[in-house]
Amino acid sequence: MVSIKDVAKEAGVSVATVSRVMNNRGYISKETRRKVEKAMEAIDYHPNQIARALQRSQSYFIGIIVPDSNHPFFSDLIKYVEMRANEKNYKLLICNSLEDPEKEANYISMLRQNQVDGIIMCSHTMNIESYKKVTFPIVSFDRFISPDIPCVGSDNFRGGELATEHLIQSGCKRLLHISGPLELDILSNRRRDAFVITCMKYGVAYDIIEGAHNKLTFDYFWSFITEKLSPEELHKYDGIFCSNDIVAYALYIYAQQQGLQVPEQLKIIGYDYHSFTRMLQNPKLTTIMQPSDRIGSMLTNTLIQMIEAEEDDPHVNNTTVDVTLIKGDTT
């Protein structure tokens, strides 16, 4: 049976160097990494993951809990988390909370029982105190939980500011924001804060309609818009900032049915710029892009840094990722 020593001999490097390559620890030049990987392939060497896990008291599994993996943003996010985790020799367990606090708590318990090395938390229905009782590494997406749980998210306030300023600079005089659930203390609600502050700054009239936190489907958003915005109400506004792109697309269809021309009579801007938005060609939505690739990579890097940190230095910082305005056909 071939061993790590055989790999080192074939590559012409030390056993320690081969170990660093396999564990992604320490600095390794691209040339050295290629030599080691080529040697492993040449002699058909496959690391014993079980033995490595036992040696380091790790499972090399991480969990991710999302509201709904069917939502395009979270689908994209999971993909990038899995890609980065795989590069670091970790496997991913995916859990859908469907915004149910009991289901979310059960998943945390299940992941703990299966001895995952850490969790990426993207579902935010549970009380913050529940997270503080968890003893293994957690990284949160878009929610500050405690100083010991780092948070990764996009610059939601700047995103709301960009969206609102774009509508105002495009000539809008009366704006509406269709927000997410405002009762939750999550960073995405900073978009609402920026919307209000920017409207007040420019002296523009505005209103806000709050969405539910446990619904992410197109059918829900369609029903929500048609119930909350009568044709008479809709005609009051000339610019609408939506909390996500699915809301924006549903609103576009509804406005067309009501005889409103977009963007001539009503300008619409969304948020996310995920795979669904990029697929749309008619119309191409104006939206705020929060880069799911960078967010996914940062979430994974942060969690693995915590997992592999020395006991006396587990601290990692919160991370905020920049957002970008994407101009489309709806403004």
Side-chain angles (χ1 to χ4, degrees), residues 1-64 75-94 115-120 136-139 141 150-154 273-275 278 289-324:
M1 181 181 294
V2 294
S3 69
I4 191 172
K5 292 181 180 179
D6 299 314
V7 176
K9 182 177 179 180
E10 176 74 18
V13 298
S14 68
V15 171
T17 297
V18 176
S19 177
R20 288 201 302 274
V21 170
M22 290 193 299
N23 289 289
N24 285 300
R25 296 177 68 88
Y27 172 75
I28 300 291
S29 69
K30 291 183 179 180
E31 181 181 355
T32 299
R33 183 177 295 276
R34 281 195 296 267
K35 286 169 61 177
V36 171
E37 290 173 348
K38 186 176 180 180
M40 292 171 65
E41 183 179 352
I43 66 175
D44 196 29
Y45 174 75
H46 301 280
N48 188 329
Q49 289 292 108
I50 296 176
R52 289 172 61 202
L54 290 172
Q55 183 181 22
R56 298 191 59 191
S57 298
Q58 285 185 231
S59 65
Y60 287 91
F61 277 89
I62 60 177
I64 181 169
S75 177
D76 289 353
L77 189 66
I78 289 169
K79 177 179 72 173
Y80 293 117
V81 166
E82 192 279 332
M83 288 171 59
R84 186 59 179 155
N86 184 66
E87 291 174 1
K88 293 287 189 176
N89 296 319
Y90 284 80
K91 305 303 180 186
L92 189 65
L93 298 177
I94 302 168
Q115 298 183 325
V116 297
D117 295 329
I119 296 177
I120 295 172
F136 52 83
I138 292 182
V139 175
F141 169 64
C151 174
V152 175
S154 66
Y273 197 60
H274 44 51
S275 55
R278 296 193 296 271
M289 179 182 71
Q290 55 172 346
S292 54
D293 55 345
R294 290 185 59 202
I295 293 171
S297 181
M298 290 302 305
L299 284 166
T300 312
N301 288 343
T302 301
L303 183 62
I304 292 176
Q305 182 183 343
M306 294 175 69
I307 292 168
E308 299 184 351
E310 298 296 332
E311 290 187 6
D312 59 347
D313 186 26
H315 180 72
V316 290
N317 295 320
N318 298 322
T319 305
T320 301
V321 178
D322 290 337
V323 296
T324 307

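Sequence positions, counted from 1, serve as the residue numbers for this chain. These values consider heavy atoms only, across backbone and side chains, with no hydrogens, waters or symmetry-generated copies.
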What are the two closest heavy atoms between [X] and [Y], and how far apart are they?
| X | Y | value |
| --- | --- | --- |
| Arg278 | Asp76 | NH2-OD2, 3.7 Å |
| Ile62 | Val116 | CA-CB, 4.4 Å |
| Ala39 | Glu10 | CB-CG, 3.5 Å |

Could you pull out every donor-acceptor pair under 3.5 Å between side chains of residues 290-298 and any protein atom, sequence neighbours left out?
{"unit_1": "Gln290", "atom_1": "OE1", "unit_2": "Ser154", "atom_2": "OG", "d": "2.7"}
{"unit_1": "Gln290", "atom_1": "NE2", "unit_2": "Asp272", "atom_2": "OD1", "d": "2.8"}

Distance from [X] atom [atom1] to [Y] atom [atom2], nearest 0.5 Å?
| X | Y | atom1 | atom2 | value |
| --- | --- | --- | --- | --- |
| Ile43 | Lys9 | CD1 | NZ | 10.5 Å |
| Leu303 | Arg84 | CG | CZ | 12.5 Å |
| Thr32 | Glu37 | OG1 | CD | 11.0 Å |
| Arg33 | Thr17 | CZ | OG1 | 11.0 Å |

Side chains of [X] and [Y], heavy atoms from C-beta outward: is any pair under 4.5 Å?
| X | Y | answer |
| --- | --- | --- |
| Tyr90 | Ile307 | yes |
| Ile120 | Leu77 | no |
| Leu92 | Thr300 | no |

| message | Please enumerate all residues that pass ring pair (Phe, Tyr, Trp, His ring centres under 6.0 Å) together with Tyr273, with sequence neighbours excluded. | response | none

| With Cys151, which of Asn318, Thr320, Val139 fulfils side-chain contact (heavy atoms from CB on, under 4.5 Å)? | Asn318

| said: Looking at Glu41, I want to see if its CD is surrounded by more than 12 non-hydrogen atoms of other residues, nucleotides or ligands under 6.0 Å. | reply: no

| Got a donor-acceptor contact below 3.5 angstrom from the Asn89 side chain to the Tyr60 backbone? | no

| query | Are the charged groups of Lys79 and Glu82 less than 4.0 angstrom apart, N to O? | reply | no

